[in-house]
Amino acid sequence: MASAYGVQDAAISLWPDVIAGWKIGLAPEGFRAAFQTERIAGPIFASAVQIDTTGGPFVFPVFVDGFAAVEAELVFRIGSDAPADRIEWRHDDHEGIAALIESVHIGVECAGSPFAGINDYGPAVTASDFGNNAGLLIGAEIHDWRTRDLRDITMLTKIDNVVVGEGSGARIPGGPFAALAFILGHTARRGRPLRAGQWISSGALTGVHVVEAGQYAEADFGEFGAIACRAVAFSPDLAPTLRA
């Protein structure tokens, strides 16, 4: 994993964009012992972040011969810089973690890579390619998140109006705050502590759902709203800073 993140750091230094946040993902269970990790991380670049201001469906590019998927997620907006010298965070330190959060939103991570087999060879391959992140779609704010248990929030995902997955915040091992504890420590150890204004995607809540260009997907968070999106074939004119 150290080598994989070395590759990721080298790619970040070459990429013509700024980091707007980080995605969190789970390593496949069969690889966790060998790689000594439960979770992986990848950068989310500013040009690939879309915020819902119209209520209409998002459009996101996919690599026609690569890998593409949608993942319903909770998205956290960081409100204060994390301490650079703190590299360990307890998953049950809800008060300390919550103090860094400005808001929580419903969201969809757009997973994507030119390499169709990115998830087939273990977490090191996935992490080396920006953690398989190709975008983040941000929807409505969950205004009362401080007074509720995020593990109780439920959602479902549809592709072309067919339900393909259901889940809740409890699907994340240890809950969303455990994922946040991971990314706080992980980024600090890499010399990239979380900064105010960054977005953090929690991890897939209904599963990782493969999509192809032309398909329509929707993540329905019930009382908190829904996010609709349509996959389109990547072209340089559509998103010039995405990987080609």
Side-chain angles (χ1 to χ4, degrees), residues 21-33 35-42 44 69-79 88-111 119 123 126 131-133 136-159 162-187 194 198-210 217-229:
W22 295 87
K23 65 82 55 79
I24 304 166
L26 286 177
E29 289 190 14
F31 290 94
R32 292 177 190 176
F35 286 87
Q36 298 183 337
T37 189
E38 183 179 46
R39 293 178 168 92
I40 64 168
I44 301 171
V70 294
E71 306 173 17
E73 312 211 357
L74 294 174
V75 180
F76 298 85
R77 175 82 163 181
I78 301 301
E88 296 293 338
W89 290 76
R90 289 173 54 90
H91 72 276
D92 57 357
D93 182 12
H94 288 196
E95 183 176 351
I97 294 172
L100 298 174
I101 300 171
E102 177 181 290
S103 59
V104 181
H105 299 252
I106 64 173
V108 169
E109 182 193 352
C110 303
N119 287 335
T126 306
N132 198 14
N133 178 265
L136 182 65
L137 313 179
I138 301 168
E141 183 177 348
I142 300 174
H143 292 284
D144 61 349
W145 68 271
R146 293 187 187 274
T147 59
R148 67 165 62 235
D149 190 336
L150 296 178
R151 293 172 295 185
D152 294 336
I153 294 176
T154 60
M155 67 292 299
L156 59 83
T157 301
K158 301 177 184 178
I159 295 180
V162 176
V163 175
V164 294
E166 300 183 48
S168 72
R171 182 163 183 161
I172 300 173
F177 276 86
L180 287 168
F182 159 78
I183 199 66
L184 281 162
H186 173 85
T187 52
L194 299 187
Q198 289 184 331
W199 299 96
I200 306 299
S201 60
S202 63
L205 302 176
T206 70
V208 179
H209 309 291
V210 174
E218 181 180 9
D220 187 342
F221 288 78
E223 64 178 294
F224 303 108
I227 295 179
C229 51

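By the 6.0 Å contact criterion, CZ on R146 is enclosed, its count of non-hydrogen atoms from other residues, nucleotides or ligands being greater than 12. Applying the 6.0 Å contact sphere to CZ of R151 captures no more than 12 heavy atoms from other residues, nucleotides or ligands.
Between A217 and V70, the closest heavy-atom pair is CB-CG2, 4.0 Å. Closest non-hydrogen pair, I142 versus W145, comes out as O-CD1, 3.2 Å. Of all heavy-atom pairs spanning L137 and C229, the tightest one is CD1-CB, 3.7 Å. G107 and I227 make their closest contact through CA-CD1, 3.3 Å (heavy atoms, listed as atom of the first residue, atom of the second, distance). Contact between R90 and D92 at its shortest, heavy atoms only, is NH2-OD2, 2.6 Å. Across H209 and G165, no two heavy atoms sit closer than the pair CE1-CA, 3.8 Å.
Not counting sequence neighbours, the partners of W199 by the ring pair (Phe, Tyr, Trp, His ring centres under 6.0 Å) test are H105. Residues forming a side-chain hydrogen bond (donor to acceptor under 3.5 Å, both in side chains) with D144 (at least two apart in sequence, or on another chain): R148.
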Validation: residues 172-183 side-chain donor-acceptor distances under 3.5 Å, sequence neighbours left out:
none

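Distance alone, capped at 3.5 Å, places no donor-acceptor pair between the K23 side chain and the E109 backbone. S201 contributes no side-chain N or O that, together with a main-chain N or O of G203, makes up a donor-acceptor pair within less than 3.5 Å. Judged by distance alone, the side chain of E73 and the main-chain N or O of S202 form a donor-acceptor pair under 3.5 Å.
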Next item on the list: Before giving the answer on side-chain contact (heavy atoms from CB on, under 4.5 Å), spell out for L26 and R39 the whole-Å C-alpha distance, their side-chain angles and the decisive distance to 0.1 Å.
Entry: CA-CA 4 Å; L26 286 177; R39 293 178 168 92; 3.9 Å; yes
Note to self: L205 vs E71, test: side-chain contact (heavy atoms from CB on, under 4.5 Å). Steps then yes/no.
What the structure shows: CA-CA 7 Å; L205 302 176; E71 306 173 17; over 6 Å; no
Notebook entry, point to check: Would F76 and I24 count as a side-chain contact (heavy atoms from CB on, under 4.5 Å) if you check the C-alpha gap in whole Å, the side-chain angles of each, and the deciding distance to 0.1 Å?
Noted result: CA-CA 11 Å; F76 298 85; I24 304 166; over 6 Å; no
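Note that OG1 of T187 and CD1 of I78 are 9.0 Å apart. Values are rounded to the nearest 0.5 Å. Taken from CZ in R77 to CD1 in I101, the straight-line distance is 13.0 Å, to the nearest 0.5 Å. For the atom pair CG (L156) and OG (S168), the distance works out to 12.0 Å, reported to the nearest 0.5 Å. If you take CG on L136 and CD1 on I200, they are separated by 9.5 Å, rounding to the nearest 0.5 Å. Put simply, NE2 on H186 and OG1 on T37 are 8.5 Å apart, with the number rounded to the nearest 0.5 Å. Note: T154 OG1 to R171 CZ = 13.5 Å, rounded to the nearest 0.5 Å.
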